[in-house]
Participant: 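Before I ask anything, here is the structure I am working with.
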Amino acid sequence: MMFKVEYLWILMMAASLALEANGGATKYTAMYVFGDSLSDAGNNKYFIGSLAKADYLPYGIDFSGGPTGRISNGKILVDFIAEMVGLPLLPSYADVIAKGESILFGVNYASAGAGILRDTGYRFGRIIPFEEQINNLRKTVDQLRGQLHGNEVSKYLANALVFVDIGANDYLNNYFEAEYYPSSHIYNLEQFADLLINLYRKHILEIQGLGLRKFLIVEASPIGCAPIRSHNMKCNTTLNHAVAMFNTRLKSVVHDLNSNYPGSAFTYAPSFQVLKILFDNAEAYGFKVKDVACCGGREGSNGTKPRCFKNTVPCPNRNEYLFWDGAHPTEAANRILAALLHNTTSL
Ligand SMILES: *[C@@H]1O[C@H](CO)[C@@H](O)[C@H](O)[C@H]1NC(C)=O
Ligand SMILES: *[C@@H]1O[C@H](CO)[C@@H](O)[C@H](O)[C@H]1NC(C)=O
Ligand SMILES: *[C@@H]1O[C@H](CO)[C@@H](O)[C@H](O)[C@H]1NC(C)=O
């Protein structure tokens with residue numbers, strides 16, 4: 001035990017020195033990621049029969065080491081954010097369990113298909129809803145307590161960054177699938193956004209209650225602009241308006257949390273705006289194709305083929321596509337999104 005404590009301590013020191021050498025980029029000891037397919041780095045891959053996983057080629061075709069479960073050709077947004085704040089790529093929680101990967105710099109709990117509501121995405125098979133992602137964080141915190149002294153754990157957690165990007169699936173794979181989910185029969189869009197935001201706030205405070213103090217709260221993305229939903233180079237405004245209602249509330253929740261919890265810092269990341277800017281000005285950012293996926297999501301553009309299927313030959317010029325599959329950005333788009341978010345927040 002003593003060895004472990006010292007070992008971890010030395011690693012933390014080494015890390016902070018390395019980061020200082022790196023231009024003092026980091027303020028964070030670690031990063032904990034909560035979210036859906038935009039952030040999943042492999043949590044669903046051990047679920048047999050799950051439709052919401054991407055552990056096969058050509059997913060990961062441009063990722064060193066190949067497919068990991070990331071739903072892109074290469075790196076995803078959280079990978080670039082981690083890099084920007086001076087942290088390494090984070091292991092998925094599933095790999096921490098299965099392969100004993102290090103939790104030192106943080107863990108990714110995100111699960112493709114997941115939403116704020118427990119039922120969201122159930123049609124994909126087994127996924128990990130927000131609530132259960134937080135239960136997994138609890139297990140990580142227990143593990144840290146077994147490795148560090150109480151005081152050190154508190155300091156360590158207080159200086160870690162919590163990244164949360166969830167909510168889009170509550171629309172895409174719940175509210176707007178009226179044939180499978182009752183939500184739109186029970187709630188109008190205002191009521192539904194209120195329902196989501198109340199639960200979201202509660203969950204953020206649960207994470208905060210575990211000792212985390214620094215949050216990056218990411219807006220739900222403009223799902224109406226994804227190839228499975230856009231039409232004639234235009235985003236589906238019905239979907240985007242619905243998500244925007246949620247985001248308006250999210251912004252005021254962040255404001256409210258900052259006033260009510262002065263010891264914590266909640267940063268709002270306007271990724272809806274930023275992705276919309278990227279979509280509307282795709283050419284200026286070097287993208288030639290914004291309405292068609294590089295792999296899959298082509299035919300119909302009506303939601304029948306959001307995925308890129310196993311061994312499909314993807315487009316060769318992946319850096320020129322905004323979207324990798326019917327609903328997820330390419331690595332090239334993720335890199336620019338991260339840079340734009342970094343520029344608009346005080347990360
Ligand atoms: C936009 O999406 C909504 C919800 O899925 C759908 O009902 C509507 O037909 C779509 N509109 C267009 C123009 O595709
Ligand atoms: C979606 O598009 C495909 C291919 O064009 C078509 O076969 C299918 O019937 C469409 N589905 C819906 C729900 O409109
Ligand atoms: C972010 O800001 C820097 C410095 O102002 C600028 O050089 C860079 O182009 C910006 N990045 C993007 C993607 O706009």
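All ligand and atom numbering here is 1-based and tracks the order in the structure. As the structure is a prediction and not an experimental result, all values here were calculated from the model.
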Participant: Is at least one protein non-hydrogen atom found at under 4.0 angstrom from atom 9 (O) of ligand 1?
Facilitator: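 Within 4.0 Å: no protein heavy atom nearby.
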Participant: Classify the side-chain pair Tyr187/Asp194 by whether it contains a donor and acceptor separated by less than 3.5 Å.
Facilitator: no
Participant: Within the protein, is there a heavy atom lying under 4.0 Å from atom 14 (O) of ligand 1?
Facilitator: yes
Participant: What orientation do Tyr109 and Tyr93 show, parallel under 30°, tilted 30 to 60°, or perpendicular over 60°?
Facilitator: tilted
Participant: Could you label the plane-to-plane angle of the Phe176 and Tyr171 rings as parallel, tilted or perpendicular, counting under 30° as parallel and over 60° as perpendicular?
Facilitator: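 Tilted, since the angle between the ring planes falls between 30° and 60°.
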Participant: Nearest protein heavy atom to atom 4 (C) of ligand 3: under 4.0 Å?
Facilitator: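 Given the 4.0 Å limit, the answer for atom 4 (C) of ligand 3 is no, no protein heavy atom qualifies.
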Participant: Looking at atom 12 (C) of ligand 1, what's its closest protein heavy atom, distance included?
Facilitator: Asn236 ND2, 3.4 Å
Participant: Please step through side chain to side chain donor-acceptor pair (under 3.5 Å) for the pair Asn159 and Thr29, ending with a clear verdict.
Facilitator: CA-CA 6 Å; Asn159 288 307; Thr29 47; 5.8 Å; no
Participant: Charged N to carboxylate O below 4.0 Å: is that the case for Arg249 and Glu190?
Facilitator: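 Looking at Glu190 together with Arg249, the answer is yes, because their closest N to O distance falls below 4.0 Å.
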Participant: Any side-chain to backbone donor/acceptor pair from His185 onto Ala178? Under 3.5 Å, distance only.
Facilitator: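 Such a contact is found between His185 side chain and Ala178 backbone.
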Participant: Considering only protein heavy atoms, which is closest to atom 1 (C) of ligand 3, and at what distance to one decimal place?
Facilitator: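 So the nearest neighbour among protein heavy atoms is Asn343 ND2, 1.4 Å.
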Participant: Considering the heavy atoms of Phe176, write down every atom of ligand 1 situated less than 4.0 Å from one of them.
Facilitator: 4 (C)
Participant: Can you sort out which atoms of ligand 3 are near Ala339, meaning under 4.0 Å from one of its heavy atoms?
Facilitator: 13 (C)
Participant: Under 3.5 Å between any N/O of Arg229 and any N/O of ligand 1: does that happen in this structure?
Facilitator: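 There is no such contact.
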Participant: List every atom of ligand 3 that sits less than 4.0 Å from any heavy atom of Leu340, numbering the atoms from 1 in the order shown and giving each element.
Facilitator: 12 (C), 13 (C), 14 (O)
Participant: Okay, side chain of Glu101, backbone of Ser92: is any donor-acceptor separation there less than 3.5 Å?
Facilitator: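 Pair absent, no side-chain N/O of Glu101 close to backbone of Ser92.
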